[in-house]
Protein chains: 2
Amino acid sequence: MASTPTAPDAPAVIPRDGGASERVAEALRTAILHGEYPPGTRIRQEDVAAQHGASRLPVREALRLLEAEGLVRLVANTGAWVSSLNLDECDELYRIRERIEPLLLTYSIPALSDDAIAELGALAARMEAGVAVEEFLELDHRFHLATYSGARTLTLGETVERLWNRTQHYRRLYSLGLDADSNRIVHDEHHMLVRAIESRDADDAERVLAGHIRRTRLELARHPHIFD
Amino acid sequence: MASTPTAPDAPAVIPRDGGASERVAEALRTAILHGEYPPGTRIRQEDVAAQHGASRLPVREALRLLEAEGLVRLVANTGAWVSSLNLDECDELYRIRERIEPLLLTYSIPALSDDAIAELGALAARMEAGVAVEEFLELDHRFHLATYSGARTLTLGETVERLWNRTQHYRRLYSLGLDADSNRIVHDEHHMLVRAIESRDADDAERVLAGHIRRTRLELARHPHIFD
DNA sequence: GGTCTTGAGATTGGATGCAATCGCCCGTAC
DNA sequence: GTACGGGCGATTGCATCCAATCTCAAGACC
């Protein structure tokens, strides 16, 4: 993942695009979300600093940022660990999502272009065709983000994104235990959602989405071994 | 103000309770919430550092924290300003609250002690007795927090608190334009909420609370001059 | 043999100094 | 008179260094 930009004469890995803190935070975030740092992993500032060719200072700020996002837990004078969730905590996050994602969808629907809606159907179809777990997660994320892409919100979109990120690890574990048939309902729900969006029926779309999230929450609760 | 660090082992002015970053963040947060730093105010790192007898480093981390909370806006290489909201953004935050605060209430109600519920009635009565604006805001905040005090959540309580904080300034401006009569509905809603909680009827309490927040949002929209 | 204490090592937290960047003002050309 | 460009001051961003704190393990005492 560590992209080495083709620097002409500078051996430094630092492309100096934006702030170093943001770059380190972004790198850590994607690493955590891709499962390279599983929950409970300790994160040492010095290691990350050396890994990114920066000092510990931007790393500390990045860790603060990730802590605010809920991806990392900081203990004063002790260290940082990748956040882990138990079933109850994951359940809570899903209940929050169940309430606010429909709202985000309502923000989005009036502003979605016809092209964007067409893209939704394509994404749903690709997932239905049967893909590997990691790609399924990726497509599922992109699908739902696409349904929200019309929303121009100050906070809501970001809040939803953070909730997704915090449960990403357990969604992966759950998906690993599924066969193709188990996803039948998911695909049906996705198509129902696309149809509701196509007809610009925000209320119906809210209902379908809330049910989708709610069902996923109940499914997760039926597999508590994931949280050991 | 400026503590002279020349003494090696002299008694530091700093009580050294927790991390300096948290202390600075807490101080800035309360200052912003109390209206000492109105929206749009520029925050210079050096000033804050000197003001708290610390270096700029903890100040930077505090600003990062407050940015994540939405109270401060940071622009790279430029500076930090106290966040300001327009009507649409404030409306969005209220719509989010309308969806998730009822959920938090449902988490709380089963675990509320009878003493805590009695305290609710007392707070509602004190507000009704007629108090100055700043005290009204304080009591209102304490009242609603008390209704949530039974909830043992990972994220939801903190999220709600942040949403309150971000709209605090505009709630104050709105309250300043009210006479005693205009608060009649507010008091009625508070008492309805207390009664629903007393009977441990979470569904009814959710309905009352959602209506309370929704009505407040509509009231704010009727006073757009607040956001100039 | 078990438990408390104490020390060294490791790791984080904070302060200072320097480099990079941005905004502003003034001078100049058109 | 106005618009553009260069330089200067101010402020932020990052690296290095030092202090404070925690962890962990070995040893002494009960």
Side-chain angles (χ1 to χ4, degrees), chain A residues 2 5 7-28 32 37 40-68 71-83, chain B residues 1-28 32 37 40-68 71-83:
Chain A
D9 48 3
V13 200
I14 307 170
R16 183 147 301 288
D17 40 70
S21 314
E22 278 74 13
R23 213 173 42 252
V24 173
E26 174 68 20
L28 277 176
I32 292 174
Y37 291 75
T41 306
R42 174 154 192 187
I43 303 178
R44 268 181 294 272
Q45 298 180 356
E46 218 155 349
D47 294 354
V48 179
Q51 199 171 341
H52 288 81
S55 97
R56 276 177 35 221
L57 206 147
V59 176
R60 287 176 45 178
E61 293 187 346
L63 288 176
R64 293 267 180 190
L65 194 61
L66 295 179
E67 185 195 25
L71 286 179
V72 161
R73 220 191 54 178
L74 259 68
V75 182
N77 289 315
T78 303
W81 285 263
V82 179
S83 295
Chain B
M1 287 293 168
S3 61
T4 54
T6 49
D9 49 4
V13 197
I14 307 168
R16 180 138 316 279
D17 39 76
S21 313
E22 279 74 12
R23 215 173 40 254
V24 174
E26 174 67 21
L28 277 177
I32 293 175
Y37 291 75
T41 306
R42 173 152 193 188
I43 304 177
R44 269 179 295 272
Q45 297 181 357
E46 220 156 347
D47 294 353
V48 179
Q51 200 170 345
H52 289 79
S55 95
R56 275 175 35 221
L57 204 146
V59 175
R60 286 169 50 105
E61 293 187 346
L63 288 177
R64 293 268 179 189
L65 193 60
L66 295 179
E67 185 194 26
L71 286 179
V72 161
R73 221 190 52 174
L74 260 67
V75 182
N77 288 316
T78 304
W81 286 263
V82 178
S83 295

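Below, chains carry the letters A, B, ... as their sequence lines are ordered, and counting in each starts from 1. Keep in mind that this is a model prediction, so the values were computed, not measured.
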Item to check | B:L65 vs A:L65 side-chain heavy atoms within contact, under 4.5 Å | outcome: no
Checklist entry - Is the shortest heavy-atom distance from the side chain of B:I43 to the side chain of B:V59 under 4.5 Å? => result no
Provide, to the nearest angstrom, the distance between the [atom1] atom belonging to [X] and the [atom2] atom belonging to [N].
X: B:R23; N: C:dG13; atom1: CZ; atom2: P; result: 14 Å
X: B:L57; N: D:dC18; atom1: CG; atom2: C1'; result: 13 Å
X: A:E61; N: C:dG14; atom1: CD; atom2: C1'; result: 13 Å

Decide, yes or no, whether a salt bridge links [X] with [Y] under the criterion of side-chain N to carboxylate O below 4.0 Å.
X: A:R56; Y: A:E46; value: no
X: B:E67; Y: B:R73; value: no
X: B:E22; Y: A:R64; value: yes

Dump every N/O contact between nucleotides 9-13 of chain D and the protein below 3.5 Å, one line per pair.
residue: D:dT12; atom: OP1; partner: B:Q45; partner atom: N; Å: 3.4
residue: D:dG13; atom: OP1; partner: B:N77; partner atom: N; Å: 3.3
residue: D:dG13; atom: OP2; partner: B:Q45; partner atom: NE2; Å: 3.4
residue: D:dG13; atom: OP2; partner: B:R60; partner atom: NH1; Å: 3.1
residue: D:dG13; atom: N7; partner: B:R56; partner atom: NH2; Å: 2.9

